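The first residue in the sequence is number 1, and the count goes up from there. As a basis for the values below, the full set of heavy atoms in this structure was taken, side chains included, without hydrogen atoms, waters or symmetry mates. Since we're looking at a predicted model, the values are computed, not measured.
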Amino acid sequence: MIFRSRAPERPTLDGDTIPRLRSQSRTDTTSSTSSVGVSNSRTRIVGARTGVLADVVIASVRASRAARSAVGSSWRRVAGVITPLGWSMIALVPVSLIVGHRLGWMELVVAGYAGIGLLAVAALYLIGRSAFDVELVLVHPRVVVGDQALGEIVVRNPSRFRVFGVKVEIPVGRGLAEIVMPGLRRGAVFEHAFAIPASRRGVVTVGPARTVRADPVGLVRRELVWTESAELFVHPRTIGIPSTSTGFVRDLEGNPTRDLTSSDVSFHALREYLPGDERRFIHWKSSAKTGKYMVRQFEETRRSQLVVALTLASADYRTDDEFEMAVSVTGSLGVRAIRDLRNVSVVVSEKTPEFAKRTVFAIRPLATLSRSRLLDDLTLVHHAPNALGIADVSRVAADSVTGISVAFLVCGSTVTASTLRLAASKFPVGVEVIAVICDPDAAPTMRRVPGLSVLTIGYLEDLQKSLARAAAV
C-alpha cells in the first residue's frame, strides 16, 4: 500500500477578510508593546488591563494617595504646633464632658466646656503668617575671654499692613535670649541688642533667630526660623611680650650665634688654609705677612625658627585654671612671634582615638598666618586624657619641624623636672629649650638645668619678666 501526503489547503481570503486581519494584527502589536516589559504602579494594580474600568481604578488610587499626602502634611503641621499641655487638654476635654454628663457632675461639664473655649482661643493664635525681614548681627565676632560680647537683632516690616507683636527667641550657646517685639507699622524697624556670655574660652553658637507665636496658656506654639546661626569666637587672654624676650637666637639683622662657619657675613678671625677651603676667602695681605695662606672665619648667623609646643594631656595639669593659663601663654608667645615676622610653628598634642589599637604619636599644627587665625585655633583646643604628653610632643615636634633654634614647652604643674629634661633631650644639640610651667599657686621662679631653662609662673603677667630674665642669662 502506498501512502501519499497531501499539501494542506490554503484558506481562501476574500477582500473583506484581509483588512480585518491586518487591523487585528496592529491592535495586538500595539497592546503587547504597551504592556510587555513595563513594571510600574499601574501594572502592579491592574496588570495589563485597559479600558474604562482600569482607568477608574487608577484614578481612584491616585486621588487617595494625594488625599493621604495632603492629610499627612496637614497633620504634621498641626501636630508640630501643639504642645504636650495642648495634647493633654485635647484628651481631657471629651473625657470630662462624657463623664460629667453621665454622672451628673456639673463641675466636670463646666471644665470640659472651659477647655473647649481655651482650645478655640489658642487656635486663633495660629491663624495668619507675619512677613518680617529679620537680621542677626554680631557686633564683634571675636572677643577676648571676660570681655563684653553683644549681638543685635534687627526686624523690619516690609508689608503694607501693620503686624502684631511676637516673641523673638535666639539660642545663645546653651542658653536662650527672649525678646518681646512690639507691633510694627508699615516700614518700621525694631532693633534690640542682647548680651552674649563670654566668661569662658570657646566658640559660642548664636541663633538661628526665630519668632514664636503662642497662646497665654501654652497650648499651642508656632515657631518660624528667619536667620542662620552665627559663631562667636571667645579668644584666650594674651599679653604683650617685648621682642627681646623671645630673641634667644638672633636673626640676620641681630647678633650672630657662637657657631663658626667658613662662609657667612659676620667676620670672626683668621686661620690657616686647609684643603677644601674656598680660595675666595683667602686673606691675601695676612698671607703675605705670615708666608702662609690665611682664610677668613665667620660666625654663623641663622634665621630664628621658633616652636611653641602645648601639651593637651589631662595628666599634665592639676586644674582647669592651669590649662587655661597654658593656652594663654601659648597664644602670647605665638602672637609675639607673628608680629615680629619670625618663623614660628605652634603645635599641640594629637589625641588617640578611643578604640585605637596603639597610641597615635602625632601633633597638630595650628595656623600661624595671622594673629586671628592662631587665636581661632587656640579657641578650639581642649585637654583630654588620651592626648600625648609633653615628652612625646617634643619628640614628634623635633622630627617634624626642621631648623629649630628655640623651643618653648608649655605645660602644667604636674610635669616633673625629669620629664622636662627628657623632653629637652629630644631636640638637636644647639636648640635653646625653655619650659614654661603654669601653676597659679606658685611664685614666679627661673632655674637653669643643663640644656633647659625652666620658668614657673603664677600669673600670666609673670611671663614678661621671666622671659626677660631667661634671655639675659
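- Listed for the Glu322 side chain is a donor-acceptor partner under 3.5 Å among the backbone atoms of Ser413.
- Residues satisfying the side chain to side chain donor-acceptor pair (under 3.5 Å) criterion with Glu107, sequence neighbours excluded, are Trp105.
- In this structure the side chain of Ile404 never reaches within 4.5 angstrom of the side chain of Pro428, judged on heavy atoms.
- Listed by chain and number, the residues in a ring-ring contact (aromatic ring centres under 6.0 Å, His included) with Phe323 are Tyr317, His383 (sequence neighbours excluded).
- Within a 6.0 Å sphere centred on OH of Tyr459, other residues, nucleotides and ligands contribute 12 heavy atoms or fewer.
- The backbone N or O of Thr352 lies less than 3.5 Å from a partner atom in the side chain of Asn386, making a donor-acceptor pair.
- At distances below 3.5 Å, not a single donor-acceptor pair connects side-chain atoms of Ser69 with backbone N or O atoms of Arg65.
- For Glu228, the CD atom sits in a loose shell: 12 or fewer heavy atoms of surrounding residues, nucleotides or ligands are nearer than 6.0 Å.
- His235 pairs by the side chain to side chain donor-acceptor pair (under 3.5 Å) definition with Asp376, not counting sequence neighbours.
- Distance check, rounded to the nearest 0.5 Å: CD of Glu135 to CD of Glu191 gives 9.0 Å.
- In this structure Ser332 satisfies the side chain to side chain donor-acceptor pair (under 3.5 Å) test with no other residue, sequence neighbours excluded.
- Panel note: side chain Asn157, backbone Leu184; a donor-acceptor pair is recorded below 3.5 Å.
- With Thr414 contributing its side chain and Ala315 its backbone, the two residues share a donor-acceptor pair below 3.5 Å.
- The shortest distance between side-chain heavy atoms of Phe190 and Ile179 falls below 4.5 Å.
- Remark: Arg421 engages no residue in a salt bridge (charged side-chain N to carboxylate O under 4.0 Å, His left out) (not counting sequence neighbours).
- The side chain to side chain donor-acceptor pair (under 3.5 Å) search around Ser370 returns none, not counting sequence neighbours.
- The residue from Glu223, Arg222, Lys167 that alone fulfils the side-chain contact (heavy atoms from CB on, under 4.5 Å) condition with Arg210 is Glu223.
- No side-chain donor-acceptor contact under 3.5 Å links Ser96 to the backbone of Val109.
- The pair Arg364-Asp377 fails the salt-bridge criterion, with no side-chain N (NZ, NE, NH1 or NH2) lying under 4.0 Å from an Asp/Glu carboxylate O.
- Checked by atom type and distance alone, the side chain of Ser394 never pairs as donor or acceptor with a backbone atom of Ala424 at under 3.5 Å.
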